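Just so it is clear, the values below take in all heavy atoms, side chains as well, and ignore hydrogens, waters and symmetry mates. Order of the sequence lines fixes the chain letters, A, B, ..., with proteins taken first and strands second; residue numbering starts at 1 for each chain. The shown structure was predicted, so the numbers you read here are calculated from the model rather than taken from an experiment.
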There are 2 protein chains.
Amino acid sequence: MATAARPTYAVIAKTAGVSEATVSRVLNGDDSVHPERARRVQEAVDKLGYKKNRVASALASGRTGLIAVVIDDDLSVFSDPFYGTVTSGVSRVLMENGLQTVLMVSPVGSLDGSVAHYLKSGEVDGAIFFALHSDLLINNLKKQGLPLVITGTPHSSSDVAFVDTDNFGGAHSATKHLMSNGAKKVAIITGDIGTTAAKQRLDGYLQAYRESGHVPAKGLICEGDYSFEAGKAHCEKLLDQHPDVDGIFASNDLMALGALTALRDRGISVPEQVRVVGFDDSLIAQTSAPALTTIRQDVVALGEAAGTLMIAQLNGQEVEPIILPTELIIRASA
Amino acid sequence: MATAARPTYAVIAKTAGVSEATVSRVLNGDDSVHPERARRVQEAVDKLGYKKNRVASALASGRTGLIAVVIDDDLSVFSDPFYGTVTSGVSRVLMENGLQTVLMVSPVGSLDGSVAHYLKSGEVDGAIFFALHSDLLINNLKKQGLPLVITGTPHSSSDVAFVDTDNFGGAHSATKHLMSNGAKKVAIITGDIGTTAAKQRLDGYLQAYRESGHVPAKGLICEGDYSFEAGKAHCEKLLDQHPDVDGIFASNDLMALGALTALRDRGISVPEQVRVVGFDDSLIAQTSAPALTTIRQDVVALGEAAGTLMIAQLNGQEVEPIILPTELIIRASA
DNA sequence: TGATTTCGTGAAAGCGGTTTCGCGGGTAGT
DNA sequence: ACTACCCGCGAAACCGCTTTCACGAAATCA
């Protein structure tokens, strides 16, 4: 294999003139060891360049130092940089705490797919779920006592820890921004309404409308699916059915770009005639023409929050959900 | 921890009426066990729902079943969906072969950062590197006998296994496409020339020029860095210095989009006055206006190839680099 | 038929840490 | 000065699976 004979506790113990038990105590921060002996152990460790064998440690202690990041997917999601970005945030926090990230990209539906087996078999100390299609496995794992964190708000309000962006607040301020800039008739193109994020964004939109004292006209609420085509098609439909629409809030930047495209195709000027706001502040938002006013969510921070919540649970702390704030980024489109 | 008492070899052995050694043999596909006894073992395994404890297995056998995917990065790269996509391809192949993917996103430069330590400590059976900034660590690990795969062509031609897209061929056909559509003066905006991919794409461009019997005028070769801004800025400079440029090959779609933006800002029509070709066939290419003609690379396949090469090495096979073909996708921009 | 391989199998020794248990000596209580 | 504790530390069991080694039986050879 990879290594030439690495030292073990046996040789550390011998060089330091103590027992292996003491070596273990020192290396695990047990403070009941006499400082002088601890120093000797530490010296031996440094001198020999000792690195603990995590596998052996895992077997003996039952803690593997591995956290699974599970992306519930059938390979359609990868064009979206979102997952990679969140994962990198998770990974960074975990590494800082001496844990490693095990990536599992796989449909998760059932209770005994290979992912389920892996998680249940105690080979990871915890699991972080993305893009959850079902709560079935979650509840099952929760019952087994596996520390869990969900990225995104779960459907059922079980008491599983989760992190999410403030979708409601973001959508609310997007809609308010449109209105306060003079838009009277603001439409929304929602995301896949099966996702909680899309629902929350819709709710934020509705709340802003409510506060304005008006009610969105029928047909201003378009159910999209986060795709460019959906944004474009819904925008066209809106223009046909509601020629006086003067504001569009798209639940993500890609649909906003679709809308911009449809508007340009019809020679409608943005933001003069129709204002458009997106959500995410992805690369697209910065490079579109006109540049997109959008709601920024800090995706790396989301991952870091997930990692932090996991660490907290491993330390036996009670955890509360974390909702990250959003920021309105004003560019040219609204 | 996670599990209620899972069965061990001890109970499997007892129920099947054999020794633990025999259980191990059966579960590891050693065919020297009498079929009848093997069947009994298998029955016991099924009946008890036994799943092997990988940690214990790893300790005893020295094989952990984990492959590291190392992304050498300082957090700038995550907006690019490329890495996530490749990784998902890797992960899929590995999982199919009973291996798990350990993600490490971290600057890798030195020989003894935490990543280096982790890899050297034998806690993974192999490592797949992305976006390599230096060959230092690679050569060191290679010497230690750790199975390695690099995604992208390495700088030094050490004999490390790697997978890559046919950058040369892709750039070649992109440039030829521009020329055969009538472009006489074709510029290239390269990627970060420190990357081998950018160099290869430049070479492909030069080769196509050579075959056309012409030589690219001075100033037609612009050194970019894969960013939108670079694409835009270089395009503007080109238009200033070479008003008769009629073709632009950008080394990625994002820079091509920057070029399109610059062209639109100046009221230059695409593809009538200037033709543009990108590279990647990312989402951007499909949603830009006009839609971008580009070179498609199959990023998931790249990851799968990397995984496959890893598996082969673990099986002790000699491996050759894999170069994946590209495809010219003709849309509106050229 | 006796000597020699071959083959299937179990006992047992690891793999390299962690953790329980109990011992000896020092401190405290009376 | 005598029992009662407490504290630091080492011996040894243990985590669950792999692998070597040797043994008895069956097969091959002379």
Side-chain angles (χ1 to χ4, degrees), chain A residues 1-42 44-45 48-66 98 120-125, chain B residues 1-42 44-45 48-66 98 120-125:
Chain A
M1 289 297 96
T3 50
R6 296 201 300 149
T8 68
Y9 270 16
V11 343
I12 300 290
K14 184 139 58 160
T15 15
V18 301
S19 73
E20 297 187 25
T22 296
V23 175
S24 176
R25 291 190 182 102
V26 173
L27 263 48
N28 292 312
D30 182 331
D31 54 2
S32 70
V33 177
H34 187 94
E36 166 56 19
R37 311 181 123 250
R39 197 186 51 70
R40 290 223 309 280
V41 170
Q42 196 55 58
V45 165
L48 281 69
Y50 175 80
K51 275 293 251 169
K52 187 145 72 181
N53 178 326
R54 279 166 171 266
V55 177
S57 173
L59 177 58
S61 69
R63 278 168 269 109
T64 60
L66 299 176
K120 287 191 214 167
S121 67
E123 288 151 39
V124 294
D125 294 346
Chain B
M1 290 291 96
T3 48
R6 296 201 300 149
T8 66
Y9 271 15
V11 343
I12 299 290
K14 183 138 60 157
T15 19
V18 301
S19 72
E20 296 189 25
T22 296
V23 174
S24 176
R25 292 189 182 102
V26 172
L27 264 48
N28 292 313
D30 182 331
D31 53 2
S32 72
V33 177
H34 188 92
E36 165 57 19
R37 314 182 119 241
R39 198 186 51 71
R40 290 225 308 280
V41 170
Q42 196 54 58
V45 166
L48 280 70
Y50 175 80
K51 276 294 251 170
K52 184 146 71 183
N53 178 326
R54 280 165 168 267
V55 177
S57 172
L59 177 58
S61 69
R63 278 169 268 109
T64 60
L66 300 175
K120 287 191 215 168
S121 68
E123 288 152 39
V124 294
D125 293 345

Whole angstroms only, please: what is the NE2-C1' distance between A/H34 and D/dC9?
12 Å
Give a yes or no answer on whether the side chain of A/D125 reaches the backbone of A/R63 with a donor-acceptor pair at less than 3.5 Å.
no
Shortest side-chain distance from A/N53, nucleotide among D/dC9, C/dT9, C/dG16:
C/dG16
Rounded to whole angstrom units, what separation is found between the CD1 atom of B/I12 and the P atom of D/dT18?
12 Å
Nearest to the side chain of A/Y50, heavy atoms from C-beta on, is which of C/dG16, C/dC21, C/dG8?
C/dG16
d(CZ, B/R25; P, D/dT20) in whole Å:
10 Å
Which nucleotide wins on minimum distance to the side chain of A/E20, given the candidates D/dA11, C/dG17, C/dG10?
C/dG17
Just checking, is any N or O donor in the side chain of A/N28 or A/S24 under 3.5 Å from an acceptor N or O on the other one?
yes
Closest of C/dT9, D/dG10, D/dG8 to the A/S19 side chain is D/dG10
Rounded off to whole Å, could you give me the CG-to-P distance for the A/L59 and D/dG16 pair?
7 Å
Using atom CG of A/N28 as one end and atom C1' of C/dG16 as the other, report the distance to the nearest whole Å.
13 Å
Describe the nucleic acid contact of B/V18 in one word from base, sugar-phosphate, nothing, applying a heavy-atom distance below 4.0 Å.
sugar-phosphate
Please state how far atom CG in A/D30 lies from atom P in D/dC9, giving the value in whole angstrom units.
10 Å
Side-chain N or O of A/S57 closer than 4.0 Å to phosphate OP1/OP2 of C/dT18
yes
At under 4.0 Å, does any side-chain N or O of B/R63 touch on OP1 or OP2 of D/dT19?
yes
Counting only side-chain N and O atoms of A/S24, is one of them less than 4.0 Å from OP1 or OP2 of C/dG17?
no
Could you tell me whether a side-chain N or O of B/T22 sits under 3.5 Å from a main-chain N or O of B/V18, the two making a donor and an acceptor?
no
Would one find a side-chain N or O of B/R37 under 4.0 angstrom from OP1 or OP2 of C/dT9?
yes
A/R6 side-chain N/O to B/S121 backbone N/O, donor-acceptor pair under 3.5 Å:
yes
Check: A/E123 main-chain N/O paired with A/T64 side-chain donor or acceptor under 3.5 Å:
yes
Residue-phosphate contact under 4.0 Å: A/S61 side-chain N/O, C/dG17 OP1/OP2:
no
Regarding C/dG16, can its base be found pairing with the side chain of A/R6 as donor and acceptor, where the two atoms are less than 3.5 Å apart?
no
Which listed nucleotide (C/dC15, C/dG8, D/dG10) is nearest to the side chain of B/A60?
C/dC15
As a test of reading the structure: which of D/dT18, D/dT19, C/dG17 is closest to the side chain of A/A56, going by heavy atoms?
C/dG17
Donor-acceptor pair, B/S57 side chain versus B/N53 backbone, under 3.5 Å?
no
For A/V23, which contact category applies under a 4.0 Å heavy-atom criterion: base, sugar-phosphate, or nothing?
nothing
Would you indicate what B/R54 reaches in the nucleic acid, counting non-hydrogen atoms under 4.0 angstrom: base, sugar-phosphate, or nothing?
nothing
Return the value, rounded to whole Å, for the distance between atom NZ of A/K51 and atom C1' of C/dG16.
16 Å
Distance, rounded to the nearest Å, where A/L27 contributes CG and C/dT18 contributes P
7 Å
